[in-house]
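Just below is one structure, and these are the notes that go with it.
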Amino acid sequence: MNNVLDTLATIGTLIVLGAPVVHGVVKYLRSKTKNNNVQLFLGWVDQAVGSLENSDLSGTEKKYKAISYVSKRLAANKLVGKFSEQQISAAIEMAVNGLHGSETSNAEPVVSNNQPEQAGLPTIKNYVNGPVNGGVK
């Protein structure tokens, strides 16, 4: 009977002492996964903006295509819901601004800062629930 109690006490002690370590490892892995997801997302945004920058499309069409590309990549990698539509739009704007940098260019911006979001732009929902508002699945 004494051996059973000693064994249970040892197991209890290990659990109490090991719980903070396990918790720390789980937090680290969760933050590393989130960081990797953000890096993937930003890479897809850069790819979309870079490939559309020299196209003959208008600013709204470029943004539509960029949102469409990024949304497809998020859906394909099961990351739907990890990034809001506002985050996608802002990341695209930042990528465009970064691409243009401080240079003065006659190139048309994707969407000017003083215009509201265009109705009918694709959303993540288009790629989860099927085409909505003319979205492509």
Side-chain angles (χ1 to χ4, degrees):
M1 184 73 166
N2 236 359
N3 279 343
V4 173
L5 290 176
D6 287 342
T7 303
L8 289 175
T10 303
I11 291 173
T13 303
L14 290 174
I15 289 173
V16 168
L17 294 176
V21 173
V22 170
H23 178 69
V25 169
V26 168
K27 280 180 65 174
Y28 170 76
L29 291 175
R30 189 176 294 150
S31 69
K32 183 157 179 59
T33 301
K34 285 181 182 180
N35 186 43
N36 288 341
N37 290 344
V38 169
Q39 293 302 319
L40 280 172
F41 168 70
L42 293 175
W44 296 327
V45 168
D46 287 341
Q47 288 173 358
V49 169
S51 67
L52 292 169
E53 186 56 32
N54 294 323
S55 70
D56 294 335
L57 300 173
S58 71
T60 302
E61 291 171 331
K62 285 181 185 179
K63 186 159 188 175
Y64 179 87
K65 292 274 190 187
I67 290 172
S68 176
Y69 176 80
V70 173
S71 296
K72 283 180 184 177
R73 298 303 321 141
L74 290 171
N77 288 277
K78 298 179 181 157
L79 295 174
V80 173
K82 302 290 183 186
F83 300 95
S84 71
E85 292 160 14
Q86 292 82 10
Q87 288 173 317
I88 294 171
S89 181
I92 289 170
E93 291 295 327
M94 285 177 37
V96 169
N97 291 339
L99 193 61
H100 291 162
S102 61
E103 69 184 52
T104 56
S105 172
N106 293 333
E108 183 180 351
V110 173
V111 173
S112 68
N113 293 334
N114 59 2
Q115 291 181 355
E117 287 294 321
Q118 300 292 324
L121 289 177
T123 65
I124 299 256
K125 295 176 195 114
N126 297 38
Y127 302 96
V128 177
N129 300 326
V132 178
N133 295 330
V136 179
K137 184 171 182 181

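- For the pair Val70 and Phe83, the minimum side-chain heavy-atom distance is 4.5 Å or more.
- Note on Leu42: it clusters hydrophobically with Ile67, by side-chain heavy-atom contacts below 4.5 Å among ILVMFWY residues.
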> Going through the checks in order, is the side chain to side chain contact (heavy atoms under 4.5 Å, CB included) test met by Gln47 and Arg73?
Replying inline: CA-CA 11 Å; Gln47 288 173 358; Arg73 298 303 321 141; 5.7 Å; no
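- Across all their heavy atoms, Gln87 and Phe41 have their closest contact at O-CZ, 4.0 Å.
- Other residues, nucleotides and ligands contribute only 12 or fewer heavy atoms inside 6.0 Å of the CG atom of Asn54.
- Side-chain contact between Leu79 and Trp44 is present, with at least one heavy-atom pair separated by less than 4.5 Å.
- Linking ILVMFWY residues whenever their side-chain heavy atoms come closer than 4.5 Å, directly or via other members, places Val38 and Val45 in the same cluster.
- Within the 3.5 Å criterion, the main-chain N or O of Asn3 finds a donor-acceptor partner in the side chain of Thr7.
- Interatomic distance, Asp6 CG to Ile11 CD1, rounded to the nearest 0.5 Å: 11.0 Å.
- Taking every heavy atom of both residues into account, Val80 and Ala75 meet most closely at CG2-CA, 3.5 Å.
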>> Does Lys65 form a side-chain hydrogen bond (donor to acceptor under 3.5 Å, both in side chains) with Ser51? I'd like the steps, not just the answer.
In response: CA-CA 10 Å; Lys65 292 274 190 187; Ser51 67; over 6 Å; no
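- Val22 and Val25 are members of different hydrophobic clusters when ILVMFWY side chains are connected at heavy-atom separations under 4.5 Å.
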>> With side chain to side chain contact (heavy atoms under 4.5 Å, CB included) as the criterion, how do Asn36 and Leu40 come out once you've worked through the C-alpha distance, each side chain's angles and the decisive distance to 0.1 Å?
In response: CA-CA 6 Å; Asn36 288 341; Leu40 280 172; 5.6 Å; no
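- Using a 4.5 Å cut-off on side-chain heavy atoms (C-beta onward), Glu85 and Ser71 make no contact.
- By the 4.5 Å heavy-atom criterion applied to side chains, Leu74 and Ile88 are counted as neighbours.
- With Thr13 as the partner, the side-chain contact (heavy atoms from CB on, under 4.5 Å) test is satisfied by one option alone out of Thr10, Leu17, Val16: Leu17.
- Residues Lys82 and Lys34 form no side-chain contact, since every pair of their non-hydrogen atoms from C-beta on lies 4.5 Å or further apart.
- In this structure a side-chain-to-backbone donor-acceptor pair under 3.5 Å is missing from Asn35 to Ser31.
- To the nearest 0.5 Å, atom CD1 of residue Ile92 and atom CG of residue Asn97 are 12.0 Å apart.
- Between the side chain of Glu53 and the main chain of Gly50, no donor-acceptor pair closer than 3.5 Å is present.
- In terms of heavy atoms, Leu52 sits closest to Ala66 at CD1-N, 3.5 Å.
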